[in-house]
Amino acid sequence: MAHSAARQILLLLFNLAFMSDQLILVTDDGAQLNAKAEMHERGFVLHSRSGTDRNRDYRAALELLLSRLDGARITYRIYLDSKPVQGIDLAQRELSFDRMSPVPTRFDELVRAMNKGSSSHGAWRRLLIETPGTGPARLREVVEGKGNVVRLPASELRKVKPSHIHKAVRKLLDGGDTPNFAPSREYDVNQHRTLTPFAYPILTPLCCRSALGLPGAGRGCRG
């Protein structure tokens, strides 16, 4: 009975990997950025930088996001979204910048705009980037740079069974790994609270590979 319950929990957590609102920002060279971004009903949010480590790649992330939106010809507006101003009408929070300027120049203009009237002139604050007319699936695809990734249909993903999840977990617990996947920034599995957590971006392709016989990194298994 305990084994059955464990399998149900693993399946639930496996499904969560496909439901996360968090966006994983990876450069075109494959480097994962330390910057928290997540989906929003109006588009997506880029969280502020704080201290020496929290979202330290904020600038690289915002410039990457602007470049990808430009490349996909997605219309967007940018609003200050810090907690103290979230109750203010969006129109009053919109940040102005020259859309024809190079991306680094736009970043500098946005920083000046988001700090206008404050005692700080260089804080990198939380932003809401609105993308009217673009659906969430398309937006996520563009933002995460997955436009050229072939995704597996749901009919194939449903072939992943508890036995495949158990096999993938066992492989990781025995020291196995999957290339090309960065450390977890989403959900982790930690059995009995005594083992080192491992990442769903690693667990997911292992499960798909076991069930479907996929070669390579298995990126099509990602949600």
Side-chain angles (χ1 to χ4, degrees), residues 19-149 182-187 201 222-223:
M19 296 164 54
S20 172
D21 284 336
Q22 185 171 335
L23 295 165
I24 306 302
L25 302 181
V26 179
T27 68
D28 295 338
D29 296 329
Q32 184 168 327
L33 299 179
N34 180 343
K36 183 178 179 181
E38 58 191 3
M39 296 295 292
H40 184 277
E41 60 183 3
R42 291 180 175 272
F44 60 92
V45 167
L46 176 64
H47 287 256
S48 62
R49 175 175 175 169
S50 176
T52 59
D53 190 63
R54 182 177 179 270
N55 300 333
R56 66 174 180 268
D57 294 328
Y58 179 103
R59 176 165 193 147
L62 183 52
E63 291 186 353
L64 178 71
L65 293 168
L66 296 179
S67 296
R68 287 181 173 169
L69 292 174
D70 288 348
R73 298 184 179 181
I74 292 178
T75 301
Y76 61 91
R77 301 185 185 93
I78 302 181
Y79 305 93
L80 181 62
D81 200 45
S82 302
K83 190 172 182 179
V85 303
Q86 288 177 0
I88 300 175
D89 187 74
L90 271 181
Q92 299 179 48
R93 294 192 267 139
E94 185 171 2
L95 303 179
S96 61
F97 58 97
D98 183 358
R99 296 175 180 272
M100 302 304 294
S101 296
V103 167
T105 302
R106 274 183 264 170
F107 178 89
D108 293 337
E109 292 177 350
L110 286 166
V111 171
R112 287 193 292 271
M114 71 177 74
N115 287 288
K116 185 177 180 180
S118 73
S119 58
S120 173
H121 299 292
W124 294 355
R125 304 179 188 275
R126 173 179 163 128
L127 300 176
L128 167 61
I129 301 177
E130 183 183 41
T131 55
T134 301
R138 171 60 176 160
L139 181 60
R140 178 184 286 273
E141 183 179 68
V142 169
V143 165
E144 293 189 330
K146 296 180 179 179
N148 296 321
V149 174
S184 172
R185 297 187 62 180
E186 298 175 273
Y187 301 95
R222 287 296 311 277

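Of all non-hydrogen atoms in Ala61 and Leu25, the two that sit nearest each other are CB-CD1, 3.7 Å. Here the closest heavy-atom approach between residue Val143 and residue Arg68 is recorded as O-NH1, 2.8 Å. The shortest non-hydrogen separation linking Val103 to Ser67 is CG2-OG, 3.6 Å.
Not one N or O on the side chain of Asp21 forms a donor-acceptor pair closer than 3.5 Å with the backbone of Glu38. A donor-acceptor contact shorter than 3.5 Å links the side chain of Ser118 to the backbone of Ser120. Between the Arg125 side chain and the Leu80 main chain, no donor and acceptor come within less than 3.5 Å of each other. Checking side-chain atoms of Asp29 against main-chain N and O of Ala31 turns up no donor-acceptor pair under 3.5 Å. Remark: the backbone N or O of Arg54 is not paired with any side-chain donor or acceptor of Ser50 at under 3.5 angstrom. Under a 3.5 Å cut-off, the side chain of Asp57 and the backbone N or O of Asn34 do form a donor-acceptor pair. Between the side chain of Glu109 and the main chain of Asp98, a donor-acceptor pair closer than 3.5 Å is present.
Here Glu141 pairs with Arg138 in a salt bridge; the nearest charged N to carboxylate O distance falls below 4.0 Å. Between Asp81 and Arg42 no salt bridge is recorded (no basic side-chain N to carboxylate O distance below 4.0 Å).
Atom CD1 of Ile74 is separated from atom OG1 of Thr131 by 6.5 Å, given to the nearest 0.5 angstrom. With rounding to the nearest 0.5 angstrom, the CZ atom of Phe107 is 5.0 Å from the CZ atom of Arg59. A distance of 11.0 Å separates CG of Leu127 from CZ of Arg93, quoted to the nearest 0.5 Å. Rounding to the nearest 0.5 angstrom, the gap separating the CZ atom in Arg49 from the CH2 atom in Trp124 is 5.5 Å.
A side-chain contact (heavy atoms from CB on, under 4.5 Å) with Ile24 holds for exactly one of Lys146, Arg140, Gln32; it is Gln32. Here the rule is side-chain contact (heavy atoms from CB on, under 4.5 Å) with Ile78, and of Leu46, Leu95, Leu128 only Leu95 fits it.
Side-chain contact between Leu65 and Phe44 is present, with at least one heavy-atom pair separated by less than 4.5 Å. Between Met114 and Ser82 there is no side-chain heavy-atom pair separated by less than 4.5 Å. Residues Tyr76 and Leu66 have side chains in contact (heavy-atom distance under 4.5 Å, counting atoms from C-beta outward). Within the 4.5 Å cutoff, side-chain heavy atoms of Leu69 are placed close to those of Ile129. Using a 4.5 Å heavy-atom threshold, the side chains of Leu139 and Met39 count as touching. Contact of the Tyr79 side chain with the Ile88 side chain is not registered, since no non-hydrogen atoms from C-beta on lie closer than 4.5 Å.
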